[in-house]
Amino acid sequence: FLVTGAGDQFDCACSMRGIQSQGILRGLSRDVVEFVEDDEEHQGENIYVPGGFRIRAIRNEHQFNISRLALTVFFSVAVAITLLGTYLAHREPARSGEEADYGLLDQDFGNKTSKIWNNRTSIFCFMVVQQGSMEVRLAQFQFKKKCGIFECNHYAVYSDAPEAISLGLNSDGTEEKTIPIPGPPALKGLQSCLGCHSQKTYIMNANVLMRAWDKAAKDGIAGQHSWIVKVDADSMLSAPRLVQQIKEHGKFDVPDLWPGRFFKNCGILDSMQGPVEVLSRQAFYNFVANKYKCYQSMDWTHMGEDVFVLHCLKQLGVWSVHIDTMLHDAYCSYSGLPNCWEPNVAVFHPLKDLPGQGDCWWKMGEVDKKGPGAAEIDAKEAAAKKADAKEAAAKAATAQKAKATTAPPRQSDGSDPKSAQHLFIQNVKQIEEAQAKS
């Protein structure tokens with residue numbers, strides 16, 4: 001009990017009334033008191049109250065609480081030093097005149113979630129493929145070339161098939177497979193769109209993709225990364241370029257606080273187009289935990305996944321940042337097939353067949369190796385190779401002609417059936433044979 005003075009009132013049942021909180025925990029000390037009968041022996045200061053009881057102060061615990069305070073401070077300082085050491089161990093200090101290295105895509109995180117969590121550029125990428133479609137072959141091509149989502153720190157390929165689909169073999173001989181998310185198929189309809197000459201087929205696949213988002217959240221590894229990226233199978237992604245775009249244009253230095261942020265990638269439509277959707281960790285948590293609210297307010301089963309995600313993120317108050325150079329989408333720019341020679345663009349769409357994806361992947365690699373002028377450099381190199389080949393062929397032809405004109409006349413040994421010597425020998429043999437018979 002904490003008592004402030006002798007004037008406070010108690011009843012015989014020892015319940016306190018009107019106790020004031022003055023001086024409570026002042027100096028982190030406390031007085032221990034007990035109720036005793038009037039005839040009991042006692043020591044210490046007595047406070048008499050009506051009803052035949054009095055309160056006796058047993059001891060003052062200043063010494064005990066000071067010791068406890070000292071221990072608390074000691075352990076708090078120790079914990080703070082430990083956390084600071086952990087932070088400095090995971091943070092790569094910047095070299096002289098260089099930016100701090102916040103992590104590379106080729107880091108082998110394995111299952112070390114602490115390293116993933118502390119890496120501000122770590123990305124988890126996923127795509128969804130439909131069984132029996134070209135999307136499976138596109139995913140297999142990207143896995144073989146280790147491009148697209150397979151450049152990300154961690155990745156997943158989900159499929160609507162009830163059984164896993166093989167994507168190929170890893171370097172250690174294990175088989176890479178899709179992750180099944182079976183359920184109702186996507187719906188199809190017709191829509192009119194800006195820039196389209198006629199109505200086109202509209203895939204209402206929000207129901208399928210929501211199963212993928214839920215699966216990514218349930219498995220746990222996605223939410224450990226700083227950025228969660230959904231990519232369409234008919235897109236070609238460069239993960240290093242995407243990270244660079246986020247660092248340069250995505251308010252990278254702003255802490256990722258609730259409700260999180262996402263990136264709009266189409267200035268014309270003020271939208272986040274489906275070929276690439278990038279959510280911060282907090283936005284991911286917010287979306288997967290609260291999208292049920294959007295189910296209640298939207299006819300979401302008749303929406304495309306990108307349309308639903310965009311409107312749901314807005315409804316949940318997630319902040320948006322524009323990075324229009326992140327994506328070259330023919331359905332946003334209406335420029336036809338994407339020009340994969342463009343430097344810095346992280347994602348190109350649509351590329352719906354293997355030749356298209358292979359060509360785009362090769363061009364992006366050339367640009368990354370040779371710089372923004374890679375197209376001109378490759379064109380000059382190709383022209384030079386063609387000219388060299390033509391010149392070499394001309395030299396070979398000239399040398400052959402010169403050899404033919406300067407060669408000495410052939411000496412006949414009579415073996416050629418068309419030579420005069422061969423005919424003469426035959427005639428001599430015939431005459432000799434005739435004489436022998438006669």
Self-check item: Side-chain donor/acceptor of Ser238 to backbone N/O of Val345, under 3.5 Å
Solution: no
Self-check item: Considering all heavy atoms, the nearest Ala239-Ile123 contact
Solution: CB-CD1, 4.0 Å
Quiz item: In this structure, are over 12 heavy atoms from other groups packed under 6.0 Å from His322 atom NE2?
Solution: yes
Practice problem: Just grab all the disulfide bond (SG atoms under 2.5 Å apart) pairs involving residues 272-319, residues at least two apart or on different chains. | Solution: Cys294-Cys312
Quiz item: Looking only at atom types and distance, does a side-chain atom of Asn153 sit under 3.5 Å from a main-chain N or O of Phe124, one as donor and one as acceptor?
Solution: no
Self-check item: Rounded distance (nearest 0.5 Å) linking atom CD1 of Ile116 with atom CD1 of Ile221
Solution: 4.0 Å
Quiz item: Where does the angle between the aromatic ring planes of His225 and His154 fall among parallel (under 30°), tilted (30 to 60°) and perpendicular (over 60°)?
Solution: perpendicular
Exercise. Drop me the distance from Met272's CE to Leu313's CG, to the nearest 0.5 angstrom.
Key: 5.5 Å
Quiz item: Which residues pass the side-chain hydrogen bond (donor to acceptor under 3.5 Å, both in side chains) test with Ser76, sequence neighbours left out?
Solution: none
Practice problem: Would you mind reporting whether Phe308 and Met210 have side-chain heavy atoms less than 4.5 Å apart? | Solution: yes
Quiz item: Is it the case that more than 12 heavy atoms not belonging to Lys177 sit under 6.0 Å from its NZ atom?
Solution: no
Quiz item: Counting only N and O atoms by type, is there a donor-acceptor contact under 3.5 Å from the side chain of Tyr285 to the main-chain atoms of Gly223?
Solution: yes
Exercise. Mark yes or no for whether Ser320, through its side chain, and Lys264, through its backbone, hold a donor-acceptor pair below 3.5 Å.
Key: no
Practice problem: Could you tell me whether the side chain of Asp353 and the main chain of Gly356 form a donor-acceptor pair under 3.5 Å? | Solution: yes
Practice problem: Grab the two heavy atoms, one from Ala212 and one from Val128, that are nearest each other, plus how far apart they are. | Solution: CB-CG2, 3.5 Å
Quiz item: Going by atom types alone, do Gln273 and Asn265 pair a side-chain donor with an acceptor below 3.5 Å?
Solution: no
Exercise. Give me the one residue out of Lys145, Lys352, Gln142 that meets side-chain hydrogen bond (donor to acceptor under 3.5 Å, both in side chains) with Gln357.
Key: Gln142
Practice problem: State the CE-CD1 distance between Met127 and Ile149, to the nearest 0.5 angstrom. | Solution: 4.0 Å
Practice problem: Return the minimal non-hydrogen interatomic distance between Gly260 and Val318, and the atom names on each side. | Solution: O-CG1, 3.3 Å
Self-check item: Note, Lys188 side chain near Ile203 side chain (heavy atom, < 4.5 Å)
Solution: yes
Practice problem: I would like to know whether Asp329 and Val276 meet side chain to side chain contact (heavy atoms under 4.5 Å, CB included); could you show each step before the answer? | Solution: CA-CA 10 Å; Asp329 183 15; Val276 57; over 6 Å; no
Exercise. Report the residues that fulfil side-chain hydrogen bond (donor to acceptor under 3.5 Å, both in side chains) with Asn344, sequence neighbours left out, ordered by chain and then residue number.
Key: none
Practice problem: Quick one: do Tyr295 and Thr301 satisfy side chain to side chain contact (heavy atoms under 4.5 Å, CB included)? Show the steps, please. | Solution: CA-CA 9 Å; Tyr295 294 162; Thr301 57; over 6 Å; no
Quiz prompt | Polar side-chain atom of Asp234 near backbone of Glu135 as donor-acceptor pair, under 3.5 Å | solution = no
Self-check item: Reported CG-to-NE2 distance for the pair Asp306 and His311, which is rounded to 0.5 angstrom
Solution: 10.0 Å
Contacts under 3.5 angstrom, residues 155-166 side chains, donor-acceptor by atom type, not counting sequence neighbours:
| unit_1 | atom_1 | unit_2 | atom_2 | d |
| --- | --- | --- | --- | --- |
| Ser159 | OG | Thr178 | OG1 | 3.2 |
| Asp160 | OD1 | Gln131 | N | 3.0 |
| Ser166 | OG | Glu175 | OE2 | 2.6 |

Quiz item: Which residues pass the disulfide bond (SG atoms under 2.5 Å apart) test with Cys147, sequence neighbours left out?
Solution: none
Quiz item: Would you say Lys146's side chain and Phe143's backbone share a donor-acceptor pair under 3.5 angstrom?
Solution: yes
Exercise. Report the residues that fulfil side chain to side chain contact (heavy atoms under 4.5 Å, CB included) with Pro255, sequence neighbours left out, ordered by chain and then residue number.
Key: Leu257
Practice problem: Give every residue pair that meets the ring pair (Phe, Tyr, Trp, His ring centres under 6.0 Å) criterion with at least one member in residues 256-281, sequence neighbours excluded. | Solution: Trp227-Phe263
Quiz item: Between Arg211 (side chain) and Pro184 (backbone), is there a donor-acceptor pair under 3.5 Å?
Solution: yes
Quiz item: To the nearest 0.5 Å, what is the distance between CG (Leu167) and CD (Glu176)?
Solution: 6.0 Å
Quiz item: Taking all atoms of both residues into account, what is the closest heavy-atom pair of Ala233 and Val129, and its distance?
Solution: CB-CG1, 4.2 Å
Quiz item: Under the salt bridge (Lys or Arg N to Asp or Glu O under 4.0 Å) rule, what pairs show up with a residue in residues 279-303, not counting sequence neighbours?
Solution: Asp214-Lys291
Exercise. Verify the neighbour count for atom NZ of Lys314: are there more than 12 heavy atoms of other residues, nucleotides or ligands below 6.0 Å?
Key: yes
Quiz item: Tell me, do Pro338 and Leu351 make a side-chain contact under 4.5 Å, heavy atoms counted?
Solution: yes
Quiz item: How many angstroms lie between atom CG of Asn207 and atom NE2 of His302, to the nearest 0.5 angstrom?
Solution: 9.5 Å
Quiz item: Does the side chain to side chain contact (heavy atoms under 4.5 Å, CB included) test come out yes or no for Arg241 and Val367, once each step is laid out?
Solution: CA-CA 11 Å; Arg241 290 190 189 184; Val367 172; 3.7 Å; yes
Self-check item: All ring-ring contact (aromatic ring centres under 6.0 Å, His included) counterparts of Trp319, not counting sequence neighbours
Solution: none
Quiz item: Is the backbone of Asp172 close enough, under 3.5 Å, to the side chain of Asn170 for a donor and an acceptor to pair up by distance?
Solution: no
Practice problem: Apply side-chain hydrogen bond (donor to acceptor under 3.5 Å, both in side chains) to Asn339 and list each qualifying residue two or more places apart in sequence or on a separate chain. | Solution: none
Quiz prompt | side chain to side chain contact (heavy atoms under 4.5 Å, CB included) between Leu237 and Glu151, intermediate numbers included | solution = CA-CA 9 Å; Leu237 162 72; Glu151 285 186 299; 5.8 Å; no
Exercise. Go through the steps to decide whether Phe141 and Phe150 satisfy the test ring-ring contact (aromatic ring centres under 6.0 Å, His included), and finish with yes or no.
Key: CA-CA 11 Å; Phe141 167 79; Phe150 302 101; over 10 Å; no
Quiz item: Can any side-chain N or O of Asp359 pair as donor or acceptor with the backbone N or O of Pro355 at less than 3.5 Å?
Solution: no
Quiz item: Can you name the residues that form a side-chain hydrogen bond (donor to acceptor under 3.5 Å, both in side chains) with Glu305, not counting sequence neighbours?
Solution: Trp213, Lys230
Quiz item: What heavy-atom pair brings Ser133 and Gln130 nearest, and what distance separates the two atoms?
Solution: OG-O, 2.5 Å
Quiz item: Considering only heavy atoms from C-beta outward, does the side chain of Met236 approach that of Cys340 to under 4.5 Å?
Solution: no
Practice problem: List the atom of Ala222, the atom of Ala216, and the distance in Å for their closest heavy-atom pair. | Solution: CB-O, 3.6 Å
Quiz item: What residues, two or more places apart in sequence or in another chain, satisfy ring-ring contact (aromatic ring centres under 6.0 Å, His included) together with Trp341?
Solution: Trp362
Quiz prompt | Side-chain donor-acceptor pair present, Asp324, His249, cut-off under 3.5 Å | solution = no
